[in-house]
Protein chains: 2
Amino acid sequence: MIKERNTKQKSLILSAVRGTKTHPTAEEVHLMLSDSVQGLSLGTVYRNLNHMAESGQIRRISVTNSPDRFDGDISPHHHICCNTCGKFCDFFDTDYDTSLDKVIEEKSGFTLIKHETVFYGLCPECNLNQKN
Amino acid sequence: MIKERNTKQKSLILSAVRGTKTHPTAEEVHLMLSDSVQGLSLGTVYRNLNHMAESGQIRRISVTNSPDRFDGDISPHHHICCNTCGKFCDFFDTDYDTSLDKVIEEKSGFTLIKHETVFYGLCPECNLNQKN
DNA sequence: TTCTTAATAGTAATTATTCCTATTAAGGAG
DNA sequence: CTCCTTAATAGGAATAATTACTATTAAGAA
């Protein structure tokens, strides 16, 4: 009995997200693959990205004033977003604190699946430009 | 020279957001006020909520699979979202760690304005229902 | 090779939010 | 208090992001 099928689209979408650090939006993933898969549907990209995010293979990150982004790196790290130019980058913290999940589970009664932290501010370039 | 005018809409929108702990969406704020302000425009609600969020009077929180929410409580705290029913609640941590902002500013070169952390999981009720 | 059906392509529909413009009204000046 | 400038609003159109729908395709088990 089949549960899930391996398609060319599926594996290419996963490779694309894993192969970049740009945290692409669904539309950007679609663009990245438009050459290799002729006729790739944006709906297919969305469906697969959502499945992969739900199964924990990738991360889906909701950002204010931006379409959702996807990250192939599921190791614990933060994200920083520039409010002016939208630049979106990783921040790897050697002391990344995962203990809060357990504390919150105990105190709130929730069963937690994940958390996402996004820092908002001005990137160095936009900071300079603003001063002019 | 005038810079900003105080309107009935503006003050009622701010009161509405500050007067609830439900983290309403723009549409929900619009609904809350539809009785007191006849003809209140949804665009006006969005515009004011955005201004207030930009000026730091309230918080705007982007959540996966949900329209943005607004919080009148700007004191440092986290949010927990139920992936099944969408329930959205506060989590006040006595040890809320704000030191990471400074560390990230130093290491990334960004000037940070704020950060938002959302925990995703299953609320106690949905957790029970799932087991049945 | 055949057959079942999961997955896709393509498009329509929905949702969330912003943009546009004529009109209203806040509040400073006279 | 009245007038005047223009910030802010109402209402609706436009845009952006994402999901839903359906006929068709193609995994992969038998």
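Chain letters run A, B, ... following the sequence lines, proteins first and then strands; every chain starts at 1.
Across all strands shown, A:R69 has no heavy atoms under 4.0 Å from either base or sugar-phosphate atoms.
DNA chain C is contacted by both B:N6 and B:S66; B:S66 maps to the nucleotide lying nearer its 5′ end (nearest heavy atom per residue). When each of A:E27 and A:G43 is assigned the nucleotide of DNA chain D bearing its nearest heavy atom, the one mapping closer to the 5' terminus is A:E27. Nearest-nucleotide assignment on DNA chain D puts the 5′-proximal partner with B:L40, out of B:L40 and B:N65.
Atom CG in B:N48 sits roughly 15 Å away from atom C1' in C:dT17 (whole-Å rounding). In this structure, the NE2 atom of A:H30 is 12 Å from the P atom of C:dT11, given to the nearest Å. Rounded to whole Å, atom C1' of D:dT25 lies 12 Å from atom CD of A:Q38. Whole-Å rounding puts the A:Q9 CD to C:dA6 P distance at 17 Å. In this structure, B:Y46 places its OH atom 12 Å from C1' of D:dA16, rounding to the nearest Å. Residue B:L31 contributes atom CG, which lies 13 Å from atom P of C:dA16 at whole-angstrom precision. Counting to the nearest Å, the C1' atom of C:dT14 and the CG atom of A:L42 are 15 Å from each other. For A:I13 and C:dA9, the CD1 to C1' distance is 12 Å, given to the nearest whole Å.
Nearest to the side-chain atoms of A:R5 among the listed nucleotides D:dA17, C:dA9, D:dG28 stands D:dG28. Closest to the side chain of B:D68, out of C:dT17, D:dT18, D:dA10, is C:dT17. Across C:dA9, D:dA10, D:dA8, the shortest atom-to-atom separation from the side chain of B:T7 is found for D:dA8. Set against D:dA8, C:dA9, D:dT18, the side chain of B:K10 has D:dA8 as its closest nucleotide.
For B:E125, the CD atom sits in a packed shell: over 12 heavy atoms of surrounding residues, nucleotides or ligands are nearer than 6.0 Å.
Ion pairing of B:R60 with B:E54 is absent here, as no side-chain N (NZ or NE/NH1/NH2) approaches a carboxylate O to less than 4.0 Å.
Taking the six-membered ring where tryptophan is involved, the planes of A:F119 and B:H115 are tilted, since the angle between them lies from 30° to 60°. The aromatic rings of B:F91 and B:H78 lie parallel to each other, their planes meeting at an angle below 30°, with 60° marking the opposite boundary.
Contact annotation: B:N50 does not reach the phosphate of C:dT17 (side-chain N/O to OP1 or OP2, under 4.0 Å). An OP1 or OP2 oxygen of C:dA6 is reached within less than 4.0 angstrom by no side-chain nitrogen or oxygen of A:K3. One finds no side-chain N or O of B:S41 lying less than 4.0 angstrom from the OP1 or OP2 phosphate oxygen of D:dG11.
Here the shortest heavy-atom pairing between B:Y120 and B:S62 reads OH-O, 4.3 Å.
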